Amino acid sequence: MSEGKNLSQVIRERMKMANKRYWAGDNVSEFVSDEDKATLIKEATVAFEGVLDSLLIDRENDPNSHGTAKRLAKMYFNEIMAGRYDPAPDATAFPNDSEDRYEGMLVVRSELRSMCSHHHQPVSGVAYIGIIAAQKFIGLSKYTRIAQWCARRGTLQEELANDIAREIEKATGAKDLGVYIQAVHGCCENRGIMAHSSLTQTTVLKGAFKEDGNTKKEFFDNIKLQQEFAPR
Ligand SMILES: [Zn+2]
C-alpha cells in the first residue's frame with residue numbers, strides 16, 4: 001500500500017486510472033480481493049465510529065452501541081451491498097438447440113432486497129423476469145441469484161430493472177426479455193412522506209416483449225397468475 005494512504009484511497013485511484021465507474025450501483029469486484037475486503041471493513045469500522053461520535057452516541061458505555069460501527073461495516077460489505085464486491089454468480093448454461101428445443105416463454109419470480117442509493121433505506125420487492133429461450137438455458141435458481149446480485153447494491157429501482165435485464169441477457173443470450181419489478185421503499189415509508197402503502201413498479205421490455213403485443217400480454221398474464229399464486 002502507498003505511504004500514508006488508506007486502502008480505499010489506493011483502490012479509488014486505481015479505478016480512476018482505469019476509467020472504471022464506481023457509483024453505488026456498480027460492481028467493483030475486479031478491483032477488490034477478499035484480503036482487501038477485510039482491510040476495507042476495518043477502515044469502514046473506524047469511519048462509522050466517527051459517524052456515531054458525530055451523532056453524539058456514547059459507543060463506549062451504551063452496550064447496544066458498542067460494536068455497532070463494526071456491525072455496520074460488515075453488513076455493508078457482506079450483506080446489503082455485497083453485490084458490489086462479489087463477482088457475478090456462476091450461471092452454467094445448458095444447450096437448448098436440439099430438435100425438441102423449448103420455444104415458449106419462461107417467467108421467474110425473484111424476491112428482492114435492495115437499498116436506495118439516495119437515503120440508504122431498504123427496498124423490498126419482487127422481480128418478474130421473462131425470457132423467450134434462446135440457444136441456451138441457465139438453472140432456474142440462477143435468475144434469482146443474478147437478480148439479487150444486482151439488487152444488493154445502492155440502487156434506484158429504474159436502474160435496477162435495467163441492470164437485471166442486461167445481466168440476464170448476458171447469461172442466457174436471450175434477446176427477447178422482460179423485467180418487471182414491484183417494490184416498497186423505506187425512504188417513502190420511514191421518512192419523507194411516511195406512506196405505508198407506497199408501491200413502485202418498473203418495467204423493462206426488449207425484443208419481442210417490446211415489439212409484439214401478444215408476447216407482452218403473455219408476460220403480464222403470467223405475472224398476474226404468479227401474483228394470484230403468491231401475492232406479496
Ligand atoms: Zn431513497
Side-chain angles (χ1 to χ4, degrees), residues 8 11-12 15-16 20-29 31-32 37 40-41 43-57 59 64-65 68-86 88-89 108-129 143-168 178-205 223 227 230-232:
S8 68
I11 296 177
R12 284 198 305 272
M15 292 194 289
K16 274 183 194 156
K20 162 74 185 164
R21 200 179 77 166
Y22 54 100
W23 295 4
D26 292 329
N27 180 278
V28 295
S29 60
F31 290 83
V32 183
K37 209 162 91 172
L40 291 170
I41 287 173
E43 197 186 308
T45 299
V46 175
F48 278 125
E49 283 170 359
V51 173
L52 294 171
D53 290 346
S54 296
L55 291 170
L56 308 177
I57 292 172
R59 56 187 175 83
N64 299 322
S65 301
T68 293
K70 190 175 181 189
R71 279 190 289 273
L72 282 170
K74 284 169 75 176
M75 178 181 74
Y76 268 84
F77 278 93
N78 297 333
E79 293 166 326
I80 57 179
M81 280 202 170
R84 303 190 71 237
Y85 311 104
D86 292 341
V108 178
R109 177 185 198 272
S110 301
E111 299 273 343
L112 285 188
R113 292 289 176 275
S114 190
M115 190 181 81
C116 86
S117 48
H118 290 156
H119 303 93
H120 289 202
Q121 284 290 302
V123 174
S124 86
V126 185
Y128 296 90
I129 301 164
Y143 292 91
T144 299
R145 283 199 195 288
I146 290 170
Q148 287 177 347
W149 175 67
C150 293
R152 287 308 222 173
R153 306 177 191 180
T155 63
L156 289 190
Q157 192 175 322
E158 298 88 332
E159 277 173 11
L160 180 57
N162 276 330
D163 288 349
I164 294 173
R166 188 187 58 245
E167 295 300 330
I168 295 291
V179 174
Y180 170 78
I181 301 178
Q182 203 174 52
V184 290
H185 290 247
C187 56
C188 298
E189 297 198 326
N190 305 333
R191 52 162 299 286
I193 57 168
M194 306 275 268
H196 286 282
S197 59
S198 67
L199 194 60
T200 306
Q201 304 177 159
T202 44
T203 311
V204 173
L205 301 172
I223 291 172
Q227 286 175 333
R232 56 153 282 111

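Atoms within a ligand are numbered from 1 in the order they appear, just like the ligands themselves. One is the number of the first residue; the rest follow in order along the sequence. Every value quoted in this text rests on a predicted model; they were computed, and no experiment measured them.
A salt bridge does not link R191 with E189: none of the charged nitrogens is closer than 4.0 Å to a carboxylate oxygen.
Side-chain contact between N78 and I41: present, with at least one pair of heavy atoms (C-beta onward) separated by less than 4.5 Å. Using a 4.5 Å heavy-atom cutoff, the side chains of Y22 and F31 are not in contact. Counting heavy atoms from C-beta on, the side chains of D26 and R153 never come closer than 4.5 Å. At a threshold of 4.5 Å between non-hydrogen side-chain atoms, the residues T200 and V123 do not count as touching. Looking only at side-chain heavy atoms (C-beta outward), Y143 and I168 come within less than 4.5 Å of each other.
Around the Zn ion (ligand 1), the protein atoms of type N, O or S found under 2.8 Å away are C116 SG, H119 ND1, C187 SG, listed by chain and number.
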